[in-house]
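Here is the structure we will look at.
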Amino acid sequence: MQNVSLWALGAGIASVASLWGGHRYRPLRALHRSSAMVVGAFVLVHLAGHVAGIFGLAMHQAVLDVLRTVYRQPVLEGLLLGCALFQGSSGLVLLWRGRGQRVGRVAWLQAWSGGYLALFLLVHVGAVLWGRAQGLDTNFHFAAAGLHVPPWQWFFAPYYFLAVLAFWAHVGCAAYWNVPTRHRTVALGAMLAIGMAMAGVLVAWLAGAVIAVEIPARYLGSYPS
Ligand code: HEM
């Protein structure tokens, strides 16, 4: 697994570095879109697995176990982690390159949601890999622990809320530019509504407000209180 992650890290950095040159800006955008298909498909089922958790942790764990049999196959996981790393870093490059060219609220929403998602992806995937290197099972308790050690909930609640909202906002902006003009506002509005609702439910779930939650001590130790 660690070899695969190192390969993914190298591949991600190399792809961004090789595409940094200004005249090669368009291929970077095209690759960013292609990689978004892989990362976006994963995130959709990933979030669906979390939503299943509102029916109980056993349900969440059952879905996670099934999903892991797919994305923890070394080749698939290497591809996913490489795409996630590339997605985040290429997104930051595009954000920087496009400064001064953005016109209108949707373009700005796309930029801000993408910027947040890029940083979230890099931190989130880094945290998962770090947790696994510590021998922790990166399950619900791993994700929720930060919301159960004051004052860390003030960081983790907005951190997860904005991640889920930013994902749907970013998808909504992509939909906005690609549907017939008369459907644009409805498409973006629907994605933002789904994002707000899902973000609220998932943060409440992680915080133990939807189902009773008890976090094992080994997950709490990494947070100084
Ligand atoms: C409430 C929101 C979220 C929670 C609680 C959460 C939690 C987790 C957990 C526990 C894992 C480890 C899974 C495992 O061990 O199999 C994980 C992995 C991951 N998450 Fe999230 N996640 C959230 C949102 C997101 C979002 C919005 C993205 C993308 C933008 C994302 C991208 C990933 C990726 C790429 C992995 C790595 C998968 C792998 O192990 O190969 N997550 N997340």
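Only a predicted model underlies this, so the values are computations on that prediction, with no experimental measurement involved. All ligand and atom numbering here is 1-based and tracks the order in the structure.
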Before signing off on this row, confirm whether Arg72 and ligand 1 have an N or O atom pair separated by under 3.5 Å. yes
Per-atom contacts, ligand 1 versus Val164 - under 4.0 Å to a heavy atom: 1 (C), 2 (C)
Validate the cation-pi geometry between Arg132 and Trp130: distance from NZ or CZ to the six-membered ring centre under 6.0 Å, angle to the ring axis within 45°. no
Starting from atom 26 (C) of ligand 1, locate the nearest protein heavy atom and write down its residue, its atom name and how far away it is, to 0.1 Å. Phe120 CE2, 3.4 Å
Pair Met191, Tyr176 - check side chain to side chain contact (heavy atoms under 4.5 Å, CB included), show working. CA-CA 10 Å; Met191 298 294 176; Tyr176 181 91; over 6 Å; no
Suppose the cut-off is 2.8 Å; which protein N/O/S atoms would you list for atom 21 (Fe) of ligand 1? His46 NE2, His124 NE2
Leu121 reachable from Leu76 in the ILVMFWY side-chain graph, under 4.5 Å edges: no
Checking Phe120 now: which residues fulfil ring pair (Phe, Tyr, Trp, His ring centres under 6.0 Å) with it, not counting sequence neighbours? His124, Tyr159
So which protein heavy atom does atom 34 (C) of ligand 1 come closest to, and at what separation? Phe42 CE2, 3.3 Å
Can you name the atoms of ligand 1, numbered from 1 with element, that are less than 4.0 Å from a heavy atom of Arg68? 14 (C), 15 (O), 16 (O)
Looking only at protein heavy atoms, identify the closest one to atom 2 (C) of ligand 1 and say how far it is in Å. Tyr160 CD2, 3.6 Å
Among all the protein's non-hydrogen atoms, which is closest to atom 39 (C) of ligand 1, and how far away is it? Glu77 OE2, 3.3 Å
Do me a favour and list the nearest non-hydrogen protein atom to atom 30 (C) of ligand 1 with residue, atom name and distance? Leu117 CD2, 3.7 Å
How close does the nearest protein non-hydrogen atom get to atom 15 (O) of ligand 1, and which residue and atom is it? Thr138 OG1, 2.4 Å
Would you check whether Asn139 reaches within less than 4.0 Å of ligand 1, judged by its heavy atoms? yes
Which bit of Val203 gets closer than 4.0 Å to ligand 1, counting heavy atoms only: side chain, backbone, both or neither? neither
Using distance alone, determine whether Arg132 and ligand 1 share an N or O pair under 3.5 Å. yes
How far is atom 16 (O) of ligand 1 from its nearest protein heavy atom, and which residue and atom name does that atom have? Tyr71 OH, 2.4 Å
Note: Leu67, heavy atoms under 4.0 Å from ligand 1, region reported as neither
Worked check of side chain to side chain contact (heavy atoms under 4.5 Å, CB included) between His32 and Gln87: CA-CA 6 Å; His32 183 78; Gln87 196 65 28; 3.2 Å; yes
Going by side-chain hydrogen bond (donor to acceptor under 3.5 Å, both in side chains), name the pairs with one or both residues in residues 213-222, residues two or more places apart or in two chains. Asn139-Tyr219
Run the numbers on Phe167 and Leu44 for side chain to side chain contact (heavy atoms under 4.5 Å, CB included), then give the verdict. CA-CA 9 Å; Phe167 172 73; Leu44 274 181; 4.0 Å; yes
For Arg33, does the CZ atom have more than 12 heavy-atom neighbours from other residues, nucleotides or ligands under 6.0 Å away? no
Show me, pair by pair, the donor-acceptor contacts under 3.5 angstrom made by side chains of residues 56-68, not counting sequence neighbours?
from  : atom 1 : to     : atom 2 : distance (Å)
His60 : ND1    : Gly49  : O      : 3.0
Gln61 : NE2    : Asp65  : OD1    : 3.0
Arg68 : NH1    : Asp137 : OD1    : 3.1
Arg68 : NH2    : Asp137 : OD1    : 2.9
Arg68 : NH2    : Thr138 : O      : 3.1

Numbered in order shown, the ligand 1 atoms found under 4.0 Å of a heavy atom of Leu81 are 41 (O)
Considering non-hydrogen atoms only, spot the tightest contact between Val149 and Tyr223 and give its length. CG1-O, 3.8 Å
Counting non-hydrogen protein atoms only, what is the nearest one to atom 6 (C) of ligand 1? Give residue, atom name and distance. His50 NE2, 3.1 Å
Heavy atoms only: give me the nearest Ser113-Ala169 pair and the separation to one decimal. CB-CB, 4.0 Å
Going through the checks in order, is the side chain to side chain contact (heavy atoms under 4.5 Å, CB included) test met by Cys173 and Leu188? CA-CA 6 Å; Cys173 291; Leu188 177 55; 4.3 Å; yes
Using a 3.5 Å distance criterion without hydrogens, assess whether the side chain of Trp205 forms a donor-acceptor pair with backbone atoms of Gly53. yes
Residues Phe155, Tyr160; criterion ring-ring contact (aromatic ring centres under 6.0 Å, His included); working and verdict: CA-CA 9 Å; Phe155 170 77; Tyr160 283 125; 8.7 Å; no
